[in-house]
Novice: 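Structure incoming, see below.
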Amino acid sequence: MLLFKETSNLELNKKSQTIFESFSKIDKQTVVPMKFGWLEDHLSAKLALFPTNSGAIFVDFLEGKKRHRRQFGGGKRQPMARAVGINSNKTPTILDATTGMGNDAFVFASLGCKVQMLERSPVIVSLLKDALDRASKFNDTGIMRIIKNMSLINDDSANFLLKNKPIIDVVYMDPMYPKKKKKTAVKKEMVALQNLIGADLDSSILLAAALQVAKLRVTVKRPAKAPIIALTSGIKPDTCIKSPNTRYDVYFCNSQSF
Ligand SMILES: C[S@@+](CC[C@H](N)C(=O)[O-])C[C@H]1O[C@@H](n2cnc3c(N)ncnc32)[C@H](O)[C@@H]1O
């Protein structure tokens with residue numbers, strides 16, 4: 001169950017309470033108890049999840065891993081960038097159909113792509129919105145350039161794609177994979193996401209929708225040894241790009257390779 005975490009700052013409290021009250025009963029179901037509220041320090045307040053069994057989870061486009069990636073990031077030759085067709089003179093438009101904590105979307109945006117971020121969990125969307133809001137107030141031209149490339153929509157991506165048929169080069173998917181029985185070093189962020197939203201068991205519906213809409217390609221991020229997403233049409237990836245723990249299954253659309 002997701003519970004509300006109060007703060008003594010009345011203005012902040014009101015803001016987070018309004019967001020919390022907009023969540024439905026289903027949004028508030030969690031595997032382990034969690035609180036939703038502000039993570040405050042003397043510099044800033046970040047909207048965060050507070051699981052009982054780990055530290056606070058929030059999205060931050062300014063500090064930590066994202067800052068490091070921004071400064072020293074893997075560049076256009078990294079597997080993830082090649083998997084969506086980024087190269088020295090091409091920056092496709094990307095619809096990230098499974099935005100989650102926005103890590104991958106941020107990398108694409110920092111490499112110069114316009115990224116439309118879709119996320120169906122309103123709780124995650126509130127964390128993303130808060131991070132975008134904080135980043136947009138940060139006085140840094142590098143950050144502004146990246147943030148301007150990112151837009152956010154709260155919707156189910158399969159529905160959104162089929163209803164709106166957006167003109168987009170690449171649809172990118174990184175659905176939540178079922179929890180492994182064997183204990184592996186899963187990042188705490190991912191554990192919290194799994195405890196909040198569980199596995200994404202409808203990825204084949206999303207992939208089928210993405211294949212109908214993407215102009216150039218659909219790229220699916222999978223654990224290295226995971227099976228491909230099974231489609232009733234029998235369509236299989238045209239190619240895959242591998243990195244040590246991850247595989248990117250690439251489906252070219254209309255026989256075009258980007
Ligand atoms: C594994 S996480 C993605 C992590 C993300 N790539 C990142 O870099 O932080 C999967 C996310 O996709 C979202 N998701 C899964 N299927 C979706 C769909 N059909 N529409 C919108 N969001 C979806 C889930 O709610 C979850 O937040």
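Note that ligands are numbered from 1 as they come in the structure, with each ligand's atoms numbered from 1 the same way. Atom set for the values below is all heavy atoms of this structure, side chains included, hydrogens, waters and symmetry mates excluded.
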Novice: Is there side-chain contact between Ile153 and Phe160, with at least one heavy-atom pair below 4.5 Å?
Specialist: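 When only atoms from C-beta onward are counted, Phe160 and Ile153 do touch, with a gap below 4.5 Å.
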
Novice: Which ligand 1 atoms does Gly102 reach within 4.0 Å, using its non-hydrogen atoms?
Specialist: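 Reading through ligand 1 atom by atom, the close ones are 7 (C), 9 (O).
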
Novice: Thr98: which residues meet the side-chain hydrogen bond (donor to acceptor under 3.5 Å, both in side chains) condition with it, sequence neighbours left out?
Specialist: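 Result, side-chain hydrogen bond (donor to acceptor under 3.5 Å, both in side chains) vs Thr98: none returned.
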
Novice: Check ligand 1 against Ser157 and write out every atom of the ligand that is under 4.0 Å from a heavy-atom position of the residue.
Specialist: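 Per the distance check, 18 (C), 19 (N), 20 (N), 21 (C).
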
Novice: Between the candidates Thr98, Asn159, Leu118, which shows the shortest non-hydrogen contact distance to atom 3 (C) of ligand 1?
Specialist: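 Checking each option, the heavy atom nearest atom 3 (C) of ligand 1 is found in Thr98.
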
Novice: Taking 4.0 angstrom as the limit and counting only heavy atoms of Ile197, give me the atoms of ligand 1 inside it, by number and element.
Specialist: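 Under 4.0 Å from Ile197, ligand 1 has these atoms: 24 (C), 25 (O), 26 (C), 27 (O).
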
Novice: If we only consider heavy atoms of Thr99, is any one of them less than 4.0 Å away from an atom in ligand 1?
Specialist: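 Yes; Thr99 lies near enough to ligand 1 that a heavy-atom distance drops under 4.0 Å.
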
Novice: Please tell me if the side chains of Phe36 and Phe23 come closer than 4.5 Å, counting only heavy atoms from C-beta onward.
Specialist: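 Touching, per the 4.5 Å side-chain cut-off.
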
Novice: Quick one: does Asp202 get within less than 4.0 Å of ligand 1, heavy atoms only?
Specialist: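 Asp202 does not count as a contact of ligand 1 under the 4.0 Å cut-off.
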
Novice: As an exercise, identify every atom of ligand 1 less than 4.0 angstrom from a heavy atom of Asn103.
Specialist: 7 (C), 8 (O), 9 (O)

Novice: Could you measure the distance from the CD1 atom of Ile241 to the CZ atom of Arg247? Nearest 0.5 Å is fine.
Specialist: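 Between Ile241 CD1 and Arg247 CZ, I get 12.0 Å after rounding to 0.5 Å.
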
Novice: Report, in ascending order of atom number, the atoms of ligand 1 lying under 4.0 Å from any heavy atom of Met101.
Specialist: 9 (O)

Novice: Considering the heavy atoms of Asp155, write down every atom of ligand 1 situated less than 4.0 Å from one of them.
Specialist: 20 (N), 21 (C)

Novice: We want to know whether Asp169 and Thr93 form a side-chain donor-acceptor pair, criterion being a heavy-atom distance below 3.5 angstrom.
Specialist: yes

Novice: Picking from Val125, Leu132, Asp133, what satisfies side chain to side chain contact (heavy atoms under 4.5 Å, CB included) with Lys129?
Specialist: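 The single option meeting the side chain to side chain contact (heavy atoms under 4.5 Å, CB included) with Lys129 is Val125.
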
Novice: Name the option, out of Leu201, Ile205, Asp200, Leu207, that contains the heavy atom nearest to atom 15 (C) of ligand 1.
Specialist: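 The option holding the nearest heavy atom is Asp200.
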
Novice: Enumerate the atoms of ligand 1 whose separation from the nearest heavy atom of Asp156 is less than 4.0 angstrom.
Specialist: 18 (C), 19 (N), 20 (N)

Novice: Could you tell me how the ring of Phe4 sits relative to the ring of Phe20: parallel (under 30°), tilted (30 to 60°) or perpendicular (over 60°)?
Specialist: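 Answer is tilted, since the angle falls between 30° and 60°.
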
Novice: Nearest 0.5 Å, please: how far is CG in Asn87 from CG in Leu111?
Specialist: 11.5 Å

Novice: Any nitrogen or oxygen of Glu119, main chain or side chain, under 3.5 Å from a nitrogen or oxygen of ligand 1?
Specialist: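 Min N/O separation from ligand 1 is below 3.5 Å for Glu119.
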
Novice: Looking only at distances, please establish whether an N/O atom of ligand 1 is found under 3.5 Å from an N/O atom of Tyr172.
Specialist: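 No - when backbone and side-chain N and O of Tyr172 are compared with those of ligand 1, no distance drops under 3.5 Å.
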
